[in-house]
Amino acid sequence: MQQMASEELSEATEGEKKFQFLLLKSLLPKDDADERDCILEVRAGTGGEEASLFAMDIFKMYEKYSVKKGWKYEVLEVAESDLKGYKEAIASISGAGVYGKLKFESGIHRVQRMPVTEKAGRVHTSAVSVAILPQADQLDVKLRNEDLRIDTYRSGGCGGQHANTTNSAVRITHMPSGITVSIQDQRSQHMNKAKALKILCAKLYEIERLSNQSSRSKLRLEQIGSGDRSERIRTYNFPQGRVTDHRVGITTHSIDDVLQGEDLDAFIDALVLREEMDAIASFSST
């Protein structure tokens with residue numbers, strides 16, 4: 001009987017800890033943006049053409065991950081490099097809790113591999129920046145016509161797959177903030193303008209969120225970097241076939257599965273759990 005009571009007490013103690021965790025988690029303030037759709041921006045950083053090629057890999061990784069999750073993935077703009085990599089690529093991702101799931105993907109992703117242009121067989125290090133922004137609309141931000149300068153021009157150059165003789169490309173500048181968004185992906189000027197406004201609203205909404213919520217400043221600092229090799233959140237090492245997330249110290253040796261969107265949850269779930277644990281620790285100490 002004493003042994004049975006001891007076992008039951010141990011189980012009850014573990015159960016109590018779990019219920020305490022769930023109770024504290026339910027009391028934490030929720031980020032309203034977590035349930036929103038998001039805008040994904042991927043830009044090649046240091047590393048020239050190799051960085052552009054890896055930016056394409058990363059962009060397609062999120063597309064495959066979105067398909068796996070049953071999310072809608074819409075390419076808004078792609079600017080290609082000479083080797084058909086991506087100097088810049090933007091997509092809209094829609095689905096349940098998309099932003100809350102992907103927000104920790106923002107930051108510098110570093111790749112170590114031998115570029116296709118390398119003749120001496122040396123491994124190079126390049127960097128790609130990723131930004132995840134919660135989607136917004138003109139009801140979330142005060143977008144006045146007098147604050148916008150809209151320019152139209154002909155599509156063309158690298159990435160101008162739909163180049164034509166009409167002024168279908170659109171550039172929108174938000175005068176008060178200086179933010180500029182250019183879209184030339186579609187033949188229709190109207191469609192390009194709608195896409196540009198979607199991206200602009202997301203950028204302005206994020207600025208407004210961060211100005212109203214000082215607690216978010218730390219997160220944003222982690223998300224935004226200069227594109228330098230040293231400011232990395234994750235490293236993709238092809239010679240050793242491993243991917244390491246430097247924030248949670250997790251390494252997987254299935255780099256191909258990660259780039260196929262299969263093993264990305266190992267990092268994402270760990271980062272979401274870390275945020276919850278940090279928030280609970282902060283909440284418990286107050």
Side-chain angles (χ1 to χ4, degrees), residues 38-69 71-93 95 98-99 101-117 123-133 158-159 185 199 202 222-248 250-271:
C38 77
I39 297 292
L40 162 70
E41 295 183 342
V42 178
R43 289 184 174 84
T46 51
E49 284 289 350
E50 170 61 11
S52 298
L53 291 171
F54 187 60
M56 177 179 64
D57 293 339
I58 291 293
F59 193 70
K60 291 183 176 181
M61 176 184 74
Y62 291 119
E63 181 176 14
K64 294 168 184 173
Y65 182 74
S66 298
V67 170
K68 176 188 172 186
K69 292 294 184 181
W71 298 337
K72 179 182 177 182
Y73 190 95
E74 179 188 5
V75 177
L76 300 181
E77 176 75 347
V78 171
E80 292 184 340
S81 66
D82 292 339
L83 293 182
K84 301 302 181 182
Y86 294 170
K87 292 187 291 185
E88 178 183 5
I90 305 173
S92 168
I93 307 178
V98 167
Y99 177 72
K101 193 77 171 175
L102 291 179
K103 61 184 178 182
F104 295 110
E105 291 301 292
S106 293
I108 303 303
H109 294 241
R110 186 177 67 168
V111 59
Q112 295 171 326
R113 67 182 177 186
M114 186 174 68
V116 294
T117 55
V123 173
H124 289 218
T125 298
S126 303
V128 166
S129 66
V130 173
I132 304 290
L133 304 173
C158 291
D185 188 61
I199 298 170
E222 292 175 353
Q223 291 181 343
I224 299 301
S226 66
D228 185 78
R229 295 183 182 90
S230 62
E231 295 181 356
R232 84 278 191 221
I233 63 168
R234 192 174 297 155
T235 295
Y236 303 72
N237 186 305
F238 278 78
Q240 298 180 19
R242 60 177 170 82
V243 183
T244 300
D245 193 289
H246 304 287
R247 297 162 295 176
V248 287
I250 291 180
T251 296
T252 177
H253 291 275
S254 53
I255 190 170
D256 291 336
D257 289 340
V258 171
L259 291 175
Q260 291 298 316
E262 295 295 331
D263 286 356
L264 203 53
D265 273 327
F267 303 115
I268 291 176
D269 292 344
L271 288 160

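This structure is a prediction, so every number in the text was calculated from the model and none was measured.
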Apply side chain to side chain contact (heavy atoms under 4.5 Å, CB included) to the pair Arg247 and Arg234, showing each step before the final yes or no. CA-CA 8 Å; Arg247 297 162 295 176; Arg234 192 174 297 155; 3.5 Å; yes

Look up atom [atom1] in [X] and atom [atom2] in [Y], then write down how far apart they are to the nearest 0.5 Å.
X      : Y      : atom1 : atom2 : answer
Glu105 : Ile268 : CD    : CD1   : 4.5 Å
Phe54  : Leu259 : CZ    : CG    : 6.0 Å
Asp263 : Asp256 : CG    : CG    : 10.0 Å
Thr252 : Glu262 : OG1   : CD    : 12.0 Å
Ser254 : Arg242 : OG    : CZ    : 13.0 Å
Ser52  : Glu88  : OG    : CD    : 11.0 Å

Glu41: side-chain hydrogen bond (donor to acceptor under 3.5 Å, both in side chains) partners, not counting sequence neighbours: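 Only Arg43, Lys203 meet the side-chain hydrogen bond (donor to acceptor under 3.5 Å, both in side chains) criterion with Glu41.
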
Quick check: do [X] and [Y] have side-chain heavy atoms less than 4.5 Å from each other?
X      : Y      : result
Ile250 : Phe267 : yes
His246 : Thr251 : no
Arg113 : Ile255 : no
Val258 : Leu264 : yes
Asp265 : Lys69  : yes
Val128 : Val111 : no
Tyr236 : Ile58  : yes
Gln240 : Gln112 : no

How close do [X] and [Y] get, counting heavy atoms only, and between which atoms?
X      : Y      : value
Ala55  : Val42  : O-CG1, 3.6 Å
Ala270 : Val248 : O-CG1, 4.1 Å
Leu102 : Cys38  : CD1-SG, 4.1 Å
Ser126 : Gly47  : OG-CA, 3.5 Å
Val123 : Pro239 : CG2-CG, 3.7 Å
Ser92  : Leu76  : N-CG, 3.9 Å

Who are the ring-ring contact (aromatic ring centres under 6.0 Å, His included) partners of Phe59, not counting sequence neighbours?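 In terms of ring-ring contact (aromatic ring centres under 6.0 Å, His included), with neighbours along the sequence ignored, Phe59 is linked to Tyr73, Tyr86.
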
For Tyr65, check ring-ring contact (aromatic ring centres under 6.0 Å, His included) against everything at least two apart and list the hits.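 Here the qualifying residues are Trp71.
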
Is the number of heavy atoms from other residues, nucleotides or ligands under 6.0 Å of Lys64 NZ greater than 12?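 Yes, the 6.0 Å shell around NZ holds more than 12 heavy atoms from other groups.
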
Carboxylate-amine/guanidinium contact Arg232 Asp245, below 4.0 Å: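 So Arg232 does not pair with Asp245 through a salt bridge.
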
Go through Ile132 and Leu40 one step at a time and tell me if the side chain to side chain contact (heavy atoms under 4.5 Å, CB included) criterion holds. CA-CA 5 Å; Ile132 304 290; Leu40 162 70; 3.6 Å; yes

As a quick check of understanding, evaluate side chain to side chain contact (heavy atoms under 4.5 Å, CB included) for Lys68 and Gln260, giving each step before the final call. CA-CA 10 Å; Lys68 176 188 172 186; Gln260 291 298 316; over 6 Å; no

Set out, in order, the CA-CA distance, both residues' side-chain angles and the distance that settles side chain to side chain contact (heavy atoms under 4.5 Å, CB included) for Ile90 and Ile39, then state yes or no. CA-CA 7 Å; Ile90 305 173; Ile39 297 292; 3.8 Å; yes

